[in-house]
> 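Could you have a look at this structure, given as structure tokens, before my questions?
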Amino acid sequence: MTDITITLYKGESVSLPTGTTVGEALSALLSNKQRKRTVAARIDDMLADFTTLLTEDSTLIPIQIGSEESLDILRHSTAHIMALAVREVFGTDIKIAIGPSIENGFYYDFLRDQPFSPEDFEKIEKKMEEIVRQALPFYRTEIQSSDAITRFEAEDEKYKVELIQDLETKSVSLYQVGEFTDLCRGPHVPNTSFIRAFKLLRVAGAYWRGDEKNDVLQRIYGTSFFDKKELKKHLNALEEAKKRDHRKLGKELELFTIQEDIGAGLILWQPKGAQLRRLVEDYWKDEHYRHDYDLLYTPHIARQDLWKTSGHLDFYSENMYSPMDIDGVAYQLKPMNCPFHIGVYTNKKRSYRELPLRWAELGTVYRYERAGALHGLLRVRGFTQDDAHIFCRPDQLEDEIFNILELNLHILKNFGFKEYDIYLSTRPEKYVGSDESWELATESLKLALEKKGLKFMIDPGEGVFYGPKIDIKIKDQLGRAWQCSTIQVDFNLPERFQLAYTGADNSDHQPIMIHRALMGSLERFIGVLIEHYAGVFPLWFAPVQARILNITDDQAEYCEKIFMQLRKSGLRIEKDLRNEKLNYKIREAQVNKIPYMLIVGDKEKENGTVTVRLRDGKNLPPMTIPDFIEKIEMEVSEGRGI
RNA sequence: GCCCACGUAGCUCAGUCGGUAGAGCGCAUCCUUGGUAAGGAUGAGGUCACCGGUUCAAUUCCGGUCGUGGGCUCCA
């Protein structure tokens, strides 16, 4: 038998016989302690288990506990253990589909008539613990695809058969743990004892391969970690997310409500929420004006013919509401603002000298969303986009994109979002516009991103049919990503509406149109803001900035006076002069997350001051009303960043 | 839209194996005037989501509709 050289990445080498397993090689190369923390290895670009045979000189990168990859492997392995447990508890009549690791956990899809209940979860978890205790190894085998098909057909595992058929490979790998053998690419942890901390979280319906024409499967979600502390931390984070849920906080803080008799997906902004929204809107408008945009207002309905011209009736009608008849002419609610902005553009003949035109509007649109997709403020049927359209010349495109990115990040940063996932989506299979224009636009988007020094990923073929786009997902306090900003180049509408400007050569040219939204929609953005801040809004856009609390009725008159004084200065101020104890009033203001409590007793009344309590419990020394106003105004202008 | 679960007072929830319902918070009134996270008493609030069916009787059982939640799908 010949020897091969196995090298540890950035480490030493050993000479071992051909056919040595990865596990054996790692034992030779790593200390006992380190090997115990290793779950698999990377050989070149391939992931391998401990049982993988080494037949040529190789370099091993150990995958150790703590890395992203190790968690992926662990969770994938846990999914297998769950499937094994499910079949041990409920029998092999339950058919298995797929069970991958996902962000923060894993799932496995099963075909079973009855739904899984919480008691079932307990049984499955108990069985899983038993399996884990036995430290069962994962065995990998490679077999001919045809043999695998025969095998799974015999077991009546139709989903597995379908998967293998679609793979169209000669051979497939199988993993066996205990009595359970599954089609799987691997790798897995060496044995089940690595699975130390897991929990099944919920069950939900899912279609086989995500297609609603297929069988509905039951998907059990769970999560898994290498130690109990990490699991606990994760479960706490889930609890925290629940506490921050904008639907819950929206109700508690009286920001918005959705009512059954008004309609699903339609938001009613309550006074506090309306105030919050107004602040976001005003800030947005100010910033746009400062960045040389002009503001538009356009209607909510338009003649159906307009939507024919724009093409929305062809490619967007399933999202549009049925037409209404006005004097025998069909009108439809707008799902987008673009045709209206185009209407402003075509109002007169345009010269190359006036480009770029930057027009912004908080435009309310209505889109049909499937009932099951609706979700609080994040997915609704009527919403207001922070929309803008830029009409420019090709030579202006890159600068315009760059400027949009600047404004975009400036606004997001000011609202406290400092991390993003950025995607550049390129030409899809079906598209309109010339290849040269796609080339130019895609390149401009890319250059602008690079010039701004932004990291981005390319989503090949994921652009809209009318042009390439940049999508920005913002990361919130808990690290969750939300799709908000989008910048899209459009070759379609300028063509459909025959947009033109007169060039320096005195002939007509077609402008490039850019659609963009920074917050996406006010509804979604505010929903994300609520969760990001857990309802504890910074002073500059807190719906209520301060509340006056008197200690006894004796100070009521003085409180009324300073209330009006503060209100007139533009502060968002409330008063609580009820016949309640101070403790009680403080608690309530605290629960309402109000930034400042102005406490007024006899001392303050005599001195013409207020004592300021912050929502973190700290106290400021008594100050006069003008001093307090000045303090607030300073803090607000700092927050607004203008 | 599809699968599963759910819908009881303004809110959070309990309850009725079929005989029209309860708590806490909130609200109102009264007592209390108390300096940094809930003072006390009394009281008013419910077509038990809506529409049908079964039944002597339905909030409870059955069917449908609407809505909500977790997913699938889609997206601002």
Side-chain angles (χ1 to χ4, degrees), chain A residues 107 109 111-118 201-221 242 245 247-248 251-252 254 257-266 316 318-319 335-337 363-365 367-387 464 471-473 482-486 488 515-525 527-528 549-556 578-592 597 599-604 611-615 617-619 622:
Chain A
Y107 68 78
D109 285 345
L111 181 67
R112 185 197 187 205
D113 294 341
Q114 298 143 273
F116 288 104
S117 67
L201 295 172
R202 58 175 174 267
V203 60
Y207 301 102
W208 167 236
R209 302 192 137 181
D211 188 333
E212 62 187 80
K213 288 183 211 84
N214 293 339
D215 294 341
V216 176
L217 306 172
Q218 290 195 63
R219 176 171 296 178
I220 300 181
Y221 286 88
K242 236 187 233 171
D245 190 317
R247 294 165 298 184
K248 181 173 178 291
K251 202 180 265 184
E252 286 170 6
E254 302 191 335
T257 173
I258 302 168
Q259 298 196 345
E260 191 177 337
D261 54 356
I262 288 174
L266 302 171
Y316 208 70
E318 71 277 16
N319 286 296
M336 293 187 191
N337 302 301
T364 303
V365 298
R367 298 183 186 172
Y368 171 72
E369 293 294 342
R370 304 166 102 192
L374 300 173
H375 182 93
L377 290 176
L378 299 180
R379 193 131 195 95
V380 294
R381 285 181 173 158
F383 59 98
T384 301
Q385 291 183 299
D386 68 315
D387 211 354
V464 200
D471 285 325
I472 301 180
K473 292 188 178 182
W482 305 91
Q483 166 71 56
C484 290
S485 313
T486 181
Q488 309 182 350
H515 311 256
R516 47 114 281 195
L518 310 184
M519 306 186 296
S521 81
L522 286 167
E523 285 74 9
R524 172 172 296 179
F525 192 71
V528 174
L549 314 178
N550 62 339
I551 294 175
T552 72
D553 291 345
D554 291 341
Q555 303 94 34
R578 292 172 304 171
N579 174 12
E580 297 287 354
K581 287 196 166 174
L582 181 62
N583 276 353
Y584 182 89
K585 295 185 188 183
I586 284 176
R587 179 186 149 78
E588 205 164 272
Q590 193 77 45
V591 168
N592 290 327
M597 295 166 224
I599 296 166
V600 176
D602 282 336
K603 274 184 278 177
E604 288 80 3
T611 294
V612 181
R613 184 193 202 272
L614 280 61
R615 59 188 152 180
K618 290 195 189 103
N619 266 325

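Residue numbering restarts at 1 for every chain, and letters A, B, ... go by the order of the sequence lines.
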> Is any side-chain heavy atom of A/L378 closer than 4.5 Å to one of A/V528?
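They are in contact (side-chain heavy atoms under 4.5 Å apart), so the answer is yes.
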> Counting only distance, no hydrogens or angles, is the base of B/C75 paired donor-acceptor with the side chain of A/R379 under 3.5 Å?
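Answer yes: a donor N or O sits under 3.5 Å from an acceptor.
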> May I ask you to say what A/Q590 touches in the nucleic acid, namely base, sugar-phosphate or nothing, with a heavy-atom cut-off under 4.0 Å?
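Result for A/Q590 = base.
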> What about A/Y584, does its side chain sit under 3.5 Å from the base of B/G40 through a donor-acceptor pair?
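Donor-acceptor pair under 3.5 Å: no.
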> Decide yes or no, distance alone: a donor-acceptor N/O pair under 3.5 angstrom between the base of B/U33 and the side-chain of A/D553.
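Check passes, donor-acceptor contact within cut-off.
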> If I pick the C1' atom on B/C11 and the same atom on B/U16, what distance separates them, to the nearest angstrom?
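It works out to 23 Å between them.
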> For the P atoms, the ones on B/U8 and on B/G69, what distance do you get once it is rounded to whole angstrom?
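Going atom to atom, P in each nucleotide, I get 14 Å.
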> Ignoring hydrogens and angles, answer whether the base of B/G35 and the side-chain atoms of A/E604 contain a donor-acceptor pair closer than 3.5 Å.
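Flag set: donor-acceptor pair detected.
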> Measuring only the P atom in each nucleotide, how far is B/C51 from B/U60? A whole number of Å is fine.
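Each nucleotide's P atom is 12 Å from the other's.
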> May I ask you to decide if A/W482's main-chain N or O and A/R524's side chain share a donor-acceptor pair within less than 3.5 Å?
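Answer holds: no.
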> Once rounded to the nearest 0.5 Å, what's the spacing between atom CG of A/L217 and atom CZ of A/R112?
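Answer rounded to 0.5 Å: 13.5 Å.
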> What distance, rounded to whole Å, do you find between the two P atoms, one in B/U73 and one in B/C13?
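Going atom to atom, P in each nucleotide, I get 29 Å.
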> Provide the distance between the two C1' atoms, one in B/G45 and one in B/G22, to the nearest whole Å.
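Taking atom C1' in both B/G45 and B/G22, they lie 13 Å apart.
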> What is the separation between atom CD on A/E369 and atom P on B/U68, rounded to the nearest whole Å?
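Rounding to the nearest Å, CD of A/E369 and P of B/U68 are 13 Å apart.
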> Could you tell me whether B/G69 is syn or anti, where syn means a glycosidic angle within 90 degrees of zero?
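B/G69: anti.
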> When the C1' atoms of B/U59 and B/A49 are considered, how many whole Å apart are they?
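Result for the C1' pair: 11 Å, nearest Å.
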> When you compare the side chain of A/I599 with that of A/I586, does any pair of heavy atoms fall below 4.5 Å?
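A side-chain contact exists here, since the closest heavy-atom pair is under 4.5 Å.
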> Rounded to whole angstrom, note down the P distance from B/A38 over to B/G43.
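Each nucleotide's P atom is 26 Å from the other's.
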> Heavy-atom nearest nucleotide on RNA chain B for A/R578 versus A/R615: which residue maps closer to 5'?
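By nearest-heavy-atom nucleotide position, the 5'-most residue is A/R578.
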> About how many Å separate CG of A/L266 and CZ of A/R381, when rounded to the nearest 0.5 Å?
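Between atom CZ of A/R381 and atom CG of A/L266 there are 7.5 Å.
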> Is A/R219 side chain donor-acceptor paired with the B/C72 base, going by distance under 3.5 Å alone?
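Check fails, no donor-acceptor contact within cut-off.
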> Between A/E523 and A/T384, which heavy-atom pair has the shortest distance, and what is it?
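Scanning both residues completely, I find the closest heavy atoms to be OE1-N, 2.9 Å.
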> Let me know which of A/K585, A/Q555, A/E580 forms a side-chain hydrogen bond (donor to acceptor under 3.5 Å, both in side chains) with A/N550.
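By the side-chain hydrogen bond (donor to acceptor under 3.5 Å, both in side chains) criterion, A/N550 pairs with just one of A/K585, A/Q555, A/E580: A/K585.
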> On a whole-Å scale, what distance lies between the P atoms belonging to B/U36 and B/U47?
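After rounding to an integer number of Å, I get 43 Å for this pair.
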> Tell me which of A/G601 and A/K473 sits closer to the 5' end of RNA chain B, going by the nucleotide each one is nearest to.
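Taking each residue's closest nucleotide, the earlier one in sequence belongs to A/G601.
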> Looking only at side-chain N and O atoms, does A/R381 come under 4.0 Å of OP1 or OP2 in B/C74?
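Answer is no, no contact under 4.0 Å.
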> Would you say the side chain of A/Q259 and the base of B/A49 hold a donor-acceptor pair, judged only by whether the two atoms sit under 3.5 Å apart?
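Between B/A49 and A/Q259, which were checked side chain against base, a qualifying N/O pair under 3.5 Å is absent.
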> Is it the case that the base of B/C75 and the side chain of A/R524 share a donor-acceptor contact (distance under 3.5 Å, atom types as modelled)?
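Side chain to base: pair present.
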> Checking side chain to side chain contact (heavy atoms under 4.5 Å, CB included) against A/F383, which of A/L377, A/T364, A/V365, A/L522 comes through?
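Exactly one pass, corresponding to A/V365.
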> Do A/Y207 and B/C2 have a side chain to base donor-acceptor pair shorter than 3.5 Å?
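Such a pair exists between side chain and base.
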> Convert the base pairs of RNA chain B into dot-bracket notation, remembering that pairs crossing earlier ones are written with [ ] and that bases paired across to another strand are shown as |; include only Watson-Crick or G-U pairs under 3.5 Å.
(((((((..((((.....[..)))).(((((.......))))).....(((((..]....))))))))))))....
> Between A/Y107 and B/C72, is there a contact of a side-chain N or O with OP1 or OP2 at under 4.0 Å?
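Checking B/C72 against A/Y107, no side-chain N or O comes under 4.0 Å of OP1 or OP2.
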